[in-house]
Trainee: 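Can you read through this structure? Questions will come right after.
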Number of protein chains: 2
Amino acid sequence: MTPLGGRSYDRNVPGATQETIARLEGQGHRVTGSRRAVLDAIAGTVTPFTVEDICLAAPDVGRATVFRTVKLLQDLDVVCRLPLGDGGVRYQLSQSEHHHHLICESCGAVSEFSDPELDALIRRNARREGFRLDGHSLELYGLCPACQPGG
Amino acid sequence: MTPLGGRSYDRNVPGATQETIARLEGQGHRVTGSRRAVLDAIAGTVTPFTVEDICLAAPDVGRATVFRTVKLLQDLDVVCRLPLGDGGVRYQLSQSEHHHHLICESCGAVSEFSDPELDALIRRNARREGFRLDGHSLELYGLCPACQPGG
DNA sequence: CTACATGCAAATTGTTTGCATAGTT
DNA sequence: AACTATGCAAACAATTTGCATGTAG
């Protein structure tokens, strides 16, 4: 993937779309208008996004196609599914580095952070239980600075 | 769904049902036959369970009531929802201590662990980002000992 | 007796599939 | 031209809701 050394949150990098298109071609998938539209929608979305977000951002693409495309992107490891605590299904670009989510229960904002020390500790716990770790997800729920009383 | 063998946290403790009934009464909720049946079903289930599991174990209780009861138990903090990677929804008794989940992507087994050091690190990250932390969820995905090649 | 709980079925919501057609390569 | 992808609608699956009836307190 694009070696974006970029910021942790806000918008997805524009280059990601181009690179994904290259990957589609490389794997023998066709680069269609619908797929471009979905990729653009994803690139313009604050992570993490829902299928609904994409449908709104790419209104000319049918729902079924959005679902099919998101699934395809999952298979290509371009996006990954994010199991949120509220049961809602979200996706986000699979980024090179691990990050976790801070979810504001008041305004719904999602920001990200990463902490190598935390990841190391997680790996250690998995090892202790005899698990072969493939991935993990960590979400913190609370109030963002702007939503705190007196903040 | 393959039960996870040989661990200490396989079955739910019998006392939990009685305690939950006491809590229901204490909060002004009625203790009905359906609710008892659902609680018994949960008590007899290997964690984590699905709504379907309960419907099978308590066939005389209508589906809607099972959903309503599980939601009530969530509100009472008797059970908690588990966001699994495959999108399936499971629940389990909220255990006394804070814990995290190890989810086997092969057999679906879910085991638990807790690590105060990890929790402390999580709190520190939230503080650094200015978040007022209310809760968090952490799931690790991988292969359990039994499902590892050569394991 | 009164209000809350239940069951059933209809209504929602979220996701997948069948099929004829449009679009890529 | 060959074959894949799309859109639409119907099919599904999971969960919620309206309402008349049952029942715990």
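Naming convention: chains lettered A, B, ... in sequence-line order (proteins, then strands); numbering from 1 in each chain.
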Trainee: Starting from P on C:dT13, measure out to CZ on A:R63 and report it in whole angstrom.
Mentor: 11 Å

Trainee: So, does the side chain of B:R30 form a donor-acceptor pair with the base of C:dA3 at under 3.5 Å?
Mentor: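 A donor-acceptor contact between them is present.
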
Trainee: Write down the distance between CG (A:L24) and C1' (C:dT24), rounded to a whole number of angstrom.
Mentor: 13 Å

Trainee: B:I54 has an atom CD1; how far is it from atom P of D:dT15, in whole Å?
Mentor: 12 Å

Trainee: Where do B:R128 and A:S114 come nearest, in terms of heavy atoms and distance?
Mentor: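 Closest approach of B:R128 to A:S114, heavy atoms only: NH2-O, 3.8 Å.
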
Trainee: Which nucleotide, D:dT6, C:dA5, C:dT17, lies nearest any side-chain atom of A:A64?
Mentor: C:dT17

Trainee: Specify the separation, in whole Å, of atom CG of A:L73 and atom P of D:dA5.
Mentor: 12 Å

Trainee: Which distance, rounded to the nearest 0.5 Å, do you find between the NE2 of A:H29 and the OG1 of A:T69?
Mentor: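 Going from the NE2 atom of A:H29 to the OG1 atom of A:T69 covers 11.0 Å.
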
Trainee: Counting heavy atoms from C-beta on, name the nucleotide in D:dT15, D:dT6, D:dA2 closest to the side chain of B:F67.
Mentor: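 Nearest to the side-chain atoms of B:F67, counting from C-beta on, is D:dT15.
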
Trainee: Would you kindly give the CD-to-P distance between A:E25 and D:dT4, to the nearest whole Å?
Mentor: 17 Å

Trainee: With a non-hydrogen cut-off below 4.0 angstrom, is A:V61 in contact with a base, only sugar-phosphate, or nothing?
Mentor: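 Here A:V61 touches the backbone only, sparing every base.
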
Trainee: When the distance from CZ of A:R36 to C1' of C:dT24 is rounded to whole Å, what number comes out?
Mentor: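 So the CZ-C1' distance, A:R36 to C:dT24, works out to 11 Å.
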
Trainee: Using whole Å, what does the distance between atom P of nucleotide D:dA14 and atom CD of B:E52 come to?
Mentor: 8 Å

Trainee: Please report, rounded to the nearest Å, how far the C1' atom of C:dT17 is from the CZ atom of A:R68.
Mentor: 8 Å

Trainee: On DNA chain C, check which nucleotide each of B:V66 and A:G33 is closest to and give me the residue with the more 5' one.
Mentor: B:V66

Trainee: Look at the side-chain heavy atoms of Ile, Leu, Val, Met, Phe, Trp and Tyr, link any pair under 4.5 Å apart, and say whether B:F131 and B:L118 land in one connected group.
Mentor: yes

Trainee: What's the closest nucleotide to the B:T32 side chain, out of C:dT24, D:dA24, C:dG7?
Mentor: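 Looking only at side-chain atoms, B:T32 lies closest to D:dA24.
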
Trainee: Any non-hydrogen side-chain atom of A:T65 less than 4.5 Å from a side-chain atom of A:T32?
Mentor: no

Trainee: Check B:Q92 against B:H101 and note the closest heavy-atom contact, atom names and distance.
Mentor: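 Reported closest heavy-atom pair: OE1-NE2, 2.7 Å.
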
Trainee: Does a nitrogen or oxygen in the side chain of A:K71 sit under 4.0 Å from OP1 or OP2 of C:dT15?
Mentor: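 No.
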
Trainee: Below 4.0 angstrom from OP1 or OP2 of D:dA5, is there any side-chain N or O of A:R35?
Mentor: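 Answer is yes, contact under 4.0 Å.
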
Trainee: B:S34 has a side chain; which of C:dG7, D:dA2, D:dG7 sits nearest to it?
Mentor: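 Nearest nucleotide to the side chain: C:dG7.
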
